[in-house]
K.L.:
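After the structure tokens below, expect a handful of questions from me.
Since the structure is predicted, the reported quantities are computational estimates derived from the model, not experimental observations.
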Amino acid sequence: MKKIRAIYIGDVRFDQCPVFELNMEMNYFEMLIDKEFRYEKECVEEDDDFLIFTVENDRAALVEK
């Protein structure tokens, strides 16, 4: 199953970096460890400080914006 995930570039400065996954039903990127924390899909896609990846079969590929 293909997943779409994102990370915020600024978070790599810290010991842990939250990962967000696209919930296609809700049209939000939700933080994997805290689903209450989320961003609208369009906000993530339009923000140059987010990197978006496709993840399938344990392989990640950067999505070019």
K.L.:
Output every pair passing salt bridge (charged side-chain N to carboxylate O under 4.0 Å, His left out) with a member in residues 48-61, not counting sequence neighbours, ordered by first then second residue.
P.N.:
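As it turns out, there is no salt bridge (charged side-chain N to carboxylate O under 4.0 Å, His left out) pair with a partner in residues 48-61 once direct neighbours are skipped.
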K.L.:
Holding to side-chain hydrogen bond (donor to acceptor under 3.5 Å, both in side chains), I want the full list of residues that pass it with D47, two or more places apart in sequence or in another chain.
P.N.:
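None.
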K.L.:
Using a 6.0 Å cut-off, check whether atom NZ of K3 has over 12 heavy atoms from anything other than its own residue.
P.N.:
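Incorrect, the count does not exceed 12.
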K.L.:
Go through the structure and list residues passing salt bridge (Lys or Arg N to Asp or Glu O under 4.0 Å) with E30, not counting sequence neighbours.
P.N.:
none
K.L.:
Please list, chain by chain and in numerical order, all residues satisfying side-chain hydrogen bond (donor to acceptor under 3.5 Å, both in side chains) with E40, sequence neighbours excluded.
P.N.:
none
K.L.:
Can you list everything that forms a side-chain hydrogen bond (donor to acceptor under 3.5 Å, both in side chains) with E42? Sequence neighbours excluded, please.
P.N.:
N27
K.L.:
Among Ile, Leu, Val, Met, Phe, Trp and Tyr joined by side-chain contacts under 4.5 Å, find the other residues sharing a cluster with Y8 and list them by chain and number.
P.N.:
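I4, F20, L22, M24, F29, M31, I33, F37, Y39, V44, F50, I52, V63, which link up through side-chain heavy atoms under 4.5 Å apart, make up the rest of the cluster.
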K.L.:
Do Q16 and F14 have side chains that get closer than 4.5 Å, going by heavy atoms?
P.N.:
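No, their side chains stay 4.5 Å or more apart.
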K.L.:
Please identify each residue that fulfils salt bridge (Lys or Arg N to Asp or Glu O under 4.0 Å) with R5, with sequence neighbours left out.
P.N.:
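R5 satisfies salt bridge (Lys or Arg N to Asp or Glu O under 4.0 Å) with E21 only.
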K.L.:
If every non-hydrogen atom of E25 is compared with every non-hydrogen atom of N23, which pair is closest and at what distance?
P.N.:
N-OD1, 3.0 Å
K.L.:
Check whether L32 and M26 end up in the same hydrophobic cluster, where Ile, Leu, Val, Met, Phe, Trp and Tyr are linked by side-chain heavy atoms less than 4.5 Å apart.
P.N.:
no
K.L.:
For D11, what residues pass the side-chain hydrogen bond (donor to acceptor under 3.5 Å, both in side chains) criterion, not counting sequence neighbours?
P.N.:
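Per chain and number, D11 pairs via side-chain hydrogen bond (donor to acceptor under 3.5 Å, both in side chains) with no residue.
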